[in-house]
Q: 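Structure below; questions to follow.
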Amino acid sequence: MSHENVERLRAAIDALRGDTSELDWKATLAGAWVELWDPEIEWDASTHPLPDLAGVYQGIEPTLRWWREWLVAWEAVQVEYELVEAGDRVVGLFHQRMRGHYTGIDVASGQYAMVFTFRDGLIVHAKFYTRRSEALAAVGLQE
């Protein structure tokens with residue numbers, strides 16, 4: 001099942017990654033991304049570097065609200081990533097650049113990671129890590 005989880009997550013990330021406008025993002029959030037979420041998803045952004053978005057979000061609607069609040073700030077988002085299988089979890093290793101919606105300024109978020117926990121093919125828990133090594137350690141792997 002873990003390879004299937006990786007491929008489903010890859011398809012959802014690629015859908016979001018291919019979006020070029022706010023309308024595209026809305027469509028993806030209503031489709032490919034949300035379809036991968038369990039109705040009781042826990043989106044743990046407690047370590048997110050933007051204080052306004054830091055917190056733990058329970059359920060689809062609060063998680064969607066997090067995504068909308070994050071995306072509204074950006075005119076463009078470029079993401080490079082690698083996915084690592086870890087049983088019922090998938091580690092996403094990300095490097096991201098964004099262009100400010102209002103400022104036009106390019107911002108590099110650097111490298112960060114997420115651990116996605118799957119149950120029955122859906123994400124039940126997602127957690128941000130500021131360091132890739134911490135995410136890998138959380139699933140028993142090393143960088």
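Note that this is a predicted model, so its numbers are computed, not measured.
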Q: Rounded to the nearest 0.5 Å, how far apart are CD1 of Ile123 and CE of Met114?
A: 8.0 Å
Q: Supply the atom-to-atom distance Arg89 CZ to Lys127 NZ, rounded to the nearest 0.5 angstrom.
A: 12.0 Å
Q: Would Tyr129 and Val6 show up in the same hydrophobic cluster when neighbours are defined by side-chain heavy atoms closer than 4.5 Å?
A: no
Q: Can you name the residues that form a salt bridge (Lys or Arg N to Asp or Glu O under 4.0 Å) with Asp88, not counting sequence neighbours?
A: none
Q: For the residue pair Phe94 and Phe116, does the interplanar ring angle fall in the parallel (under 30°), tilted (30 to 60°) or perpendicular (over 60°) class?
A: perpendicular
Q: If I take atom CD1 from residue Ile41 and atom CZ from residue Arg119, how far apart are they, to the nearest 0.5 angstrom?
A: 11.0 Å
Q: Are the side chains of Leu53 and Trp66 in touch, meaning some heavy atoms are under 4.5 Å apart?
A: yes
Q: Do Trp37 and Leu64 come close enough that some side-chain heavy atom pair is under 4.5 Å?
A: yes
Q: For a quick check under 3.5 Å, do His125 and Glu42 share a side-chain donor-acceptor pair by atom type?
A: yes
Q: Let me check something: do Val79 and Leu93 share a hydrophobic cluster, defined by ILVMFWY side-chain heavy atoms less than 4.5 Å apart, either directly or through other members?
A: no
Q: Using every non-hydrogen atom in the two residues, find where Ala113 and Arg132 come nearest and quote the distance to one decimal.
A: CB-CA, 3.8 Å
Q: State, to 0.1 Å, how close His48 and Ala54 come at their nearest heavy-atom pair, and which atoms those are.
A: O-CB, 3.9 Å
Q: Donor-acceptor check, side chain of Ser46 to backbone of Val56, threshold 3.5 angstrom: yes or no?
A: no
Q: Can you name the nearest heavy-atom pair linking Pro62 to Tyr57, along with the distance?
A: O-CD2, 3.6 Å
Q: Would you please name every residue forming a side-chain contact (heavy atoms from CB on, under 4.5 Å) with Leu122, sequence neighbours left out?
A: Arg8, Asp38
Q: May I have the step-by-step check of side chain to side chain contact (heavy atoms under 4.5 Å, CB included) for Asp14 and Tyr81, ending in yes or no?
A: CA-CA 10 Å; Asp14 285 346; Tyr81 71 96; 2.7 Å; yes
Q: Can you confirm whether more than 12 heavy atoms, excluding those of Glu40, are under 6.0 Å from its CD atom?
A: no
Q: I need the Arg10 CZ to His3 NE2 distance, nearest 0.5 Å.
A: 8.0 Å
Q: Are Val34 and Trp67 in one and the same hydrophobic cluster, where Ile, Leu, Val, Met, Phe, Trp and Tyr link if side-chain heavy atoms are under 4.5 Å apart?
A: yes
Q: Using side-chain contact (heavy atoms from CB on, under 4.5 Å) as the criterion, point out the one residue from Val84, Val91, Val90 that pairs with Val139.
A: Val91
Q: When rounded to the nearest 0.5 angstrom, what is the spacing between OG1 in Thr63 and CD in Gln58?
A: 8.0 Å
Q: In Å, rounded to the nearest 0.5 Å, how long is the span from CD1 of Ile13 to CH2 of Trp33?
A: 5.0 Å
Q: For Ala86 and Leu141, which heavy atoms make the closest approach, and how far apart are they?
A: CB-CD1, 4.3 Å
Q: With sequence neighbours left out, write down each residue that passes side-chain contact (heavy atoms from CB on, under 4.5 Å) with Arg131, or none if nothing qualifies.
A: Ser133, Glu134
